[in-house]
Trainee: 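Encoded as structure tokens, here's the structure I'll be asking about.
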Amino acid sequence: VKQNSKNNYAVYNKKLENMSLERRIIENAMRKGLNEHQFFLEYQPKFNIHSDEIVGMEALVRWNHPDLGTIPPGKFISLAEETGLIIPLGEWILNESCKQAKEWQEKGFGQLIVSVNVSVRQLQDPKFVQQVERVLKETGFNPKLLELEVTESIFADLNCITPILKRLRSLGIHISVDDFGTGYSSLSYIKHLPIDTLKVDASFVKDIHKNEESKAIVRAIINLAETIGLKVIAEGIEIEEQVRALRNDGCIFGQGYFYSRPLRKEAFEEYIRSKGF
Ligand code: C2E
Ligand code: CA
Ligand code: CA
Ligand code: CA
């Protein structure tokens with residue numbers, strides 16, 4: 001038995017070693033990628049699902065690795081968070097989003113709101129607000145057209161995060177709670193939070209047209225939002241039936257493959273022009 005557990009330990013150790021080696025390799029590759037401009041953004045349009053007007057777009061990061069091709073954020077964001085690389089990467093994402101949105105505004109695409117995903121790790125960084133202010137100054141972007149999407153994981157550290165969100169909102173920036181309903185947000189806290197929008201998680205949208213429980217959850221979120229004066233957007237809309245159900249339940253905004261996949265900037269521009277701008 002003793003021998004056995006020793007072996008297990010050795011195997012376990014070996015695994016850990018390999019893991020940290022792998023992590024270091026990826027970390028270095030990301031650092032290099034950041035220096036060599038391998039990251040890029042796609043933009044997914046957001047709609048008023050009643051008027052079908054485009055109201056804005058969500059910026060989503062991708063990594064174009066020279067050997068591996070395009071890597072989705074699900075494969076590198078958590079490592080970027082763990083290593084702290086999310087701080088410089090996040091600043092690049094914010095800057096790129098504001099610069100691009102400003103350019104589109106100047107091309108006459110209207111007052112589109114650009115939404116940028118922000119990790120809790122970024123919000124916890126003491127320099128985050130300064131970073132945002134710097135980006136706004138350098139790009140000349142109107143803060144009222146900037147929305148930051150944060151996840152419910154902010155609820156784990158509300159004492160630290162709430163004042164940050166307040167400062168961001170005092171700059172005119174909007175705050176949206178992403179993946180709403182999946183985390184551990186206590187509803188009683190919601191009304192005290194300095195936020196503007198709840199983003200209904202795609203998992204509830206998925207079967208809203210055929211599952212009473214999902215429908216009930218979405219309705220509850222919409223009611224809650226209306227009562228305390230928040231906007232609601234549904235994500236992950238893939239089919240017409242979902243749009244119809246969401247409209248009936250009083251949801252105003254939505255995004256998803258039904259309308260458009262996330263698009264590279266050239267394709268996004270074409271898409272907007274095809275819609276009449
Ligand atoms: P998220 O913020 O919840 O983004 C929504 C994800 O769903 C995106 O995946 C989007 O491409 C995908 N999606 C959009 N419409 C549909 C649909 O109709 N059906 C389905 N099945 N999926 C749809 P993506 O781009 O792979 O991003 C995954 C996650 O990575 C994001 O989830 C977000 O948490 C994170 N992420 C992406 N970009 C950034 C970023 O710039 N910064 C940070 N911190 N995180 C990011
Ligand atoms: Ca998001
Ligand atoms: Ca989401
Ligand atoms: Ca998500």
Side-chain angles (χ1 to χ4, degrees), residues 30 33-34 38-47 49 56-64 69-101 113-125 128 131-132 135 146-154 174-183 185 195-209 218 221 231-243 246 253-265 267-268 271:
M30 279 182 66
L34 207 46
Q38 293 169 8
F39 291 91
F40 67 98
L41 300 180
E42 288 190 337
Y43 301 88
Q44 185 177 39
K46 296 188 176 189
F47 289 79
I49 64 174
M57 59 277 179
E58 177 175 7
L60 295 154
V61 70
R62 281 93 182 77
W63 179 7
N64 184 18
T70 305
I71 306 175
K75 295 242 195 285
F76 61 86
I77 288 290
S78 60
L79 193 71
E81 288 169 350
E82 286 165 32
T83 56
L85 274 179
I86 193 68
I87 305 297
L89 177 61
E91 178 165 17
W92 179 82
I93 291 166
L94 193 67
N95 192 72
E96 185 67 19
S97 306
C98 291
K99 208 171 68 185
Q100 187 58 67
I113 292 188
V114 65
S115 305
V116 179
N117 293 285
V118 172
S119 301
V120 179
R121 183 77 172 66
Q122 288 173 271
L123 292 170
Q124 287 167 328
D125 179 47
F128 182 69
Q131 201 182 78
V132 173
V135 166
L146 175 61
E147 177 177 70
L148 301 181
E149 293 192 5
V150 303
T151 62
E152 282 177 294
S153 47
I154 57 165
H174 296 272
I175 307 290
S176 175
V177 182
D178 206 348
D179 304 340
F180 191 76
T182 58
S185 47
I195 57 174
D196 304 278
T197 304
L198 301 179
K199 193 165 189 180
V200 178
D201 189 66
S203 59
F204 306 118
V205 173
K206 196 174 164 53
D207 53 7
I208 186 175
H209 55 301
V218 174
I221 294 173
K231 288 200 294 181
V232 176
I233 180 164
E235 68 175 346
I237 304 173
E238 294 184 347
I239 55 174
E240 177 95 52
E241 284 96 316
Q242 294 164 339
V243 179
L246 287 161
F253 302 103
Q255 71 184 102
Y257 296 167
F258 174 73
Y259 293 99
S260 167
R261 295 199 163 243
L263 303 167
R264 287 173 186 249
K265 62 180 176 197
F268 184 84
Y271 183 84

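Below, all heavy atoms of this structure are taken into account, side chains as well, without hydrogens, waters or symmetry copies. We count ligands from 1, going down the list as the structure has it; atoms in each ligand are counted the same way.
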Trainee: Which part of I93 is near ligand 1, with near meaning a heavy atom under 4.0 Å away: side chain, backbone, both or neither?
Mentor: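 Looking at I93 and ligand 1, just side chain atoms fall under 4.0 Å.
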
Trainee: Answer yes or no: is there a side-chain heavy-atom contact under 4.5 Å between V150 and I195?
Mentor: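 In short, these two side chains do not touch, never coming nearer than 4.5 Å.
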
Trainee: Short list, please: which atoms of ligand 1 are under 4.0 Å from a heavy atom of D179?
Mentor: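 Every atom of ligand 1 under 4.0 Å from some heavy atom of D179: 3 (O).
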
Trainee: One residue to check: T151. Relative to ligand 1, which of side chain, backbone, both or neither has a non-hydrogen atom less than 4.0 Å away?
Mentor: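 Answer for T151: neither.
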
Trainee: Give, rounded to 10 degrees, the angle between OD1 (D178) and OE1 (E235) as seen from the Ca ion (ligand 3).
Mentor: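 Computed angle, vertex at the Ca ion (ligand 3), rounded to 10 degrees: 110°.
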
Trainee: The Ca ion (ligand 2) to D179: any N/O/S contact under 3.0 Å?
Mentor: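 Coordinating: no.
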
Trainee: Counting both backbone and side chain atoms, is some N or O of E149 under 3.5 Å from an N or O of ligand 1?
Mentor: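 No, E149 has no N/O under 3.5 Å of an N/O on ligand 1.
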
Trainee: Does T151 put an N, O or S atom under 3.0 Å from the Ca ion (ligand 2)?
Mentor: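 Not a single backbone or side-chain N, O or S atom of T151 is under 3.0 Å from the Ca ion (ligand 2).
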
Trainee: Does E58 have a non-hydrogen atom less than 4.0 Å from ligand 1?
Mentor: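 Heavy atoms of E58 do come under 4.0 Å of ligand 1.
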
Trainee: Please check this pair: side chain of Q242 against backbone of H209, looking for a donor-acceptor N/O pair closer than 3.5 Å.
Mentor: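 Not at all, since once roles are kept as given, no pair shorter than 3.5 Å links the two residues.
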
Trainee: Looking at E147 and K231, does any basic side-chain N land under 4.0 Å from a carboxylate oxygen?
Mentor: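 Salt bridge between E147 and K231, a charged N being under 4.0 Å from a carboxylate O: no.
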
Trainee: Do P73 and L60 come close enough that some side-chain heavy atom pair is under 4.5 Å?
Mentor: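 Not in contact.
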
Trainee: Do you know the tightest heavy-atom contact between V205 and G236?
Mentor: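 So the minimum-distance heavy-atom pair works out to CG1-O, 3.9 Å.
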
Trainee: If only side-chain N and O atoms count, and only distance matters, is there a donor-acceptor pair under 3.5 Å linking E58 with S115?
Mentor: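 No, no side-chain donor-acceptor pair sits under 3.5 Å.
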
Trainee: List ligand 1 atoms under 4.0 Å from P262, heavy atoms only on the residue side.
Mentor: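 Close to P262: 11 (O).
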
Trainee: For I77, which part has a heavy atom under 4.0 Å from ligand 1: side chain, backbone, both, or neither?
Mentor: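 The part of I77 near ligand 1 is the side chain, not the backbone.
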
Trainee: Is the Y271 to Y43 ring centre distance short of 6.0 Å?
Mentor: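 They do not qualify: ring centres at least 6.0 Å apart.
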
Trainee: Heavy-atom distances under 4.0 Å are what count here, so tell me which part of R261 touches ligand 1: side chain, backbone, both or neither.
Mentor: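 None of R261 does.
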
Trainee: Indicate, as side chain, backbone, both or neither, the part of V116 found under 4.0 angstrom from ligand 1 when only non-hydrogen atoms are considered.
Mentor: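 Neither; no heavy atom under 4.0 Å.
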
Trainee: Is there a donor-acceptor pair under 3.5 Å between the side chain of N64 and the backbone N or O of Q38?
Mentor: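 Checking the backbone N and O of Q38 against the side chain of N64, no donor-acceptor pair under 3.5 Å is found.
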
Trainee: Among V118, D178, V120, I175, which residue satisfies the side-chain contact (heavy atoms from CB on, under 4.5 Å) criterion with I154?
Mentor: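 The side-chain contact (heavy atoms from CB on, under 4.5 Å) with I154 is passed solely by V120 among V118, D178, V120, I175.
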
Trainee: Can you name the atoms of ligand 1, numbered from 1 with element, that are less than 4.0 Å from a heavy atom of V61?
Mentor: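 Going through ligand 1 atom by atom, the ones under 4.0 Å from V61 are 38 (N), 39 (C), 40 (C), 41 (O).
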
Trainee: Between the candidates S119, A202, P73, G256, which shows the shortest non-hydrogen contact distance to atom 44 (N) of ligand 1?
Mentor: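 Looking at heavy atoms only, the winner is S119.
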
Trainee: Which option out of Y259, Y257, F39, F76 puts a heavy atom nearest to atom 18 (O) of ligand 1?
Mentor: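 Shortest heavy-atom distance from atom 18 (O) of ligand 1: Y257.
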
Trainee: Under the side chain to side chain contact (heavy atoms under 4.5 Å, CB included) criterion, do L263 and M57 qualify, and how do the steps go?
Mentor: CA-CA 10 Å; L263 303 167; M57 59 277 179; over 6 Å; no

Trainee: Is E42 near ligand 1, meaning one of its heavy atoms is under 4.0 Å from it?
Mentor: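 False for this residue.
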
Trainee: Is E149 close enough that one of its N/O/S atoms sits under 3.0 Å from the Ca ion (ligand 3)?
Mentor: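 Under 3.0 Å: E149 has no N, O or S contact with the Ca ion (ligand 3).
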
Trainee: Relative to the heavy atoms of Q44, which atoms of ligand 1 are at a distance of less than 4.0 Å?
Mentor: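 That gives atoms 14 (C), 15 (N) of ligand 1.
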
Trainee: Do S97 and W92 come within less than 4.5 Å of each other through their side chains, counting heavy atoms only?
Mentor: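 The answer is no; the side chains never approach within 4.5 Å.
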
